[in-house]
Number of protein chains: 2
Amino acid sequence: MHAYADMSTEELELFRVACGFCSLRELCWPMGLEPPELARLHSMIRRSGPLGVGNHLFGVGERFTAIYAVRTGCIKSYSIGADGHELVHGFYLRGEVLGFDAVHPDRHRCNAVILEPSFVCVIPYKDIARLSVEFHSLHNQILRVMSREFSRQLKFADSSVATQRIAAFLMDIHSRLYQPGSAEYEFRLPMSREDISNHLRIAPETLSRLIAKMHRKGLIDVDRRRIRLLNPVRLGLMAQGKHHG
Amino acid sequence: MHAYADMSTEELELFRVACGFCSLRELCWPMGLEPPELARLHSMIRRSGPLGVGNHLFGVGERFTAIYAVRTGCIKSYSIGADGHELVHGFYLRGEVLGFDAVHPDRHRCNAVILEPSFVCVIPYKDIARLSVEFHSLHNQILRVMSREFSRQLKFADSSVATQRIAAFLMDIHSRLYQPGSAEYEFRLPMSREDISNHLRIAPETLSRLIAKMHRKGLIDVDRRRIRLLNPVRLGLMAQGKHHG
DNA sequence: ACCCCGGGCTGACATATGTCAATGCAGTAT
DNA sequence: ATACTGCATTGACATATGTCAGCCCGGGGT
């Protein structure tokens, strides 16, 4: 199950090419930049080696040195609440960018841990800051990514009803995981039930039960982390609280 | 009860002076800027006349034209959820800055409505964007304020327990409202119970009951919108989930 | 002074969710 | 093969919160 173990040589090759040719170009950070900026950006990016499950990218209180783009795998961002419980802020998948939690106090406000074997791109912050003065479009890009981050946090705050949050979560993960060619509505959750329950702020038992209920109603198929959305339309309505039962 | 009606002539005079001399300097947007930036910033700021309760500063979908700093009063930011319920994102008090919800899609994602008679400063965005290229410190300032915004949203997400959220809310509002000279632990909530309950995502009845309970336990004194914190220490512990009963 | 109105409070009840304990089950080591 | 280990599920029960209905009470108009 090691992502880096079953990569083809072609895929490995991809890891060596520039941002301008990167397969994640449309998903990731450089989206919307012009060739000259892309070239400069590429020159400051470092690609990580394979990162093993359980390793941390950064931790609470550490200095803000870089932002990270996920090439492969899944990274969990979390902190520990005053009561000792784990607060999962979010999950970062292929093409997504993390690390912006630390722009202001210059210290990370959360931990970032590898959930699945991952590769990331590392972009030193001071280089970005310097370059963003030079290229106005890059400055806008920073604001854009921060803003996207911002709205992502609000995604599950809407509803106080657990079923809604779960439906929204499943559809969200599906849309972020989906790639043309894979089975349309089937995917594998990269995180444990406990991580999900900490993220959605419900007890793991409640999560289990409600997932089972959605299964019974024919909305989804479940086998451990394997999920299949059988009725995306109803799920979508349910996520918006327009449909109960 | 009109804030602009009982202002002294001195206060009125304050409304005409530059950012560099503004009494909100330490609270507000320009904090941390040097005299040359302050002067430029001041030249692009417009002061609003008195804004009446119920008026909107901006609404969902409107173009992002400016950010706003509250000089006096209270402004509520909210949106309408898919189920039709009002989602209150937050409240903005004296010295606080709003409008950054719209940096990315260039459209406001929420509505901003006046809860108490208010004065604001209006800072056109395109001027800031232009100036932030010129002055690096201003660029940092933008990131800083956005980041503060960001963490504010997470403030009440911690706990799923209503009492904790209420305690945290009261202490938060108190700290933001406090000014030396006023009664140490007494203040007036600028918003209705319904607004609070929409913000904390609990039914207004539950809010009432839990406030009554905190009163019975001697933690606070309540008379309509007037609040007095009798035991801030225990309240703080309660906000962190370290103390129940 | 009186009435009206809206926000706020309270009670009774339904429901959702949390908690504690036990069991199942797959992957891993022995 | 067997036992072990950690995650996931399930059941029984306690509790928190939502819902519906009614009441109170202060402020503003007449």
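A, B, ... follow the sequence lines: proteins, then strands. Residue 1 opens every chain.
- Counting heavy atoms from C-beta outward, A:R47 and A:V120 have side chains that stay 4.5 Å or more apart.
- At whole-Å resolution of the value, CE in A:M214 and P in D:dT9 are 13 Å apart.
- The side-chain contact (heavy atoms from CB on, under 4.5 Å) test with B:F91 is passed by exactly one of B:V70, B:L189, B:L115, B:D172: B:L115.
- Distance, B:H85 NE2 to D:dG18 P: 11 Å, rounded to whole Å.
- B:R201 and B:S160 form no side-chain donor-acceptor contact under 3.5 Å, judged by distance and modelled atom types alone.
- Rounded to whole Å, atom P of C:dT19 lies 14 Å from atom CZ of A:R201.
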Counting primed atoms plus P, OP1 and OP2 as sugar-phosphate and everything else as base, spell out the protein contacts along nucleotides 3-16 of chain C at 4.0 Å heavy-atom distance: B, S or - for each nucleotide, 5' to 3'. -----SBBBB----

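- Rounded to whole Å, atom C1' of C:dA26 lies 16 Å from atom CZ of A:R226.
- Rounded to an integer number of Å, the gap from A:D223 CG to C:dG24 P is 19 Å.
- Taking atom CG of A:N198 as the reference point, atom P of C:dG18 lies 11 Å away to the nearest angstrom.
- A 4.5 Å side-chain heavy-atom check between A:Y78 and A:H89 finds every atom pair outside the cut-off.
- At a threshold of 4.0 Å, the pair B:E116-B:K76 does not count as salt-bridged, since none of the basic side-chain nitrogens sits closer than that to a carboxylate oxygen.
- A:S192 contributes atom OG, which lies 8.0 Å from atom CG of A:N198 (distance to the nearest 0.5 angstrom).
- A:D83 places its CG atom 13 Å from the P atom of C:dG18, with the value rounded to the nearest Å.
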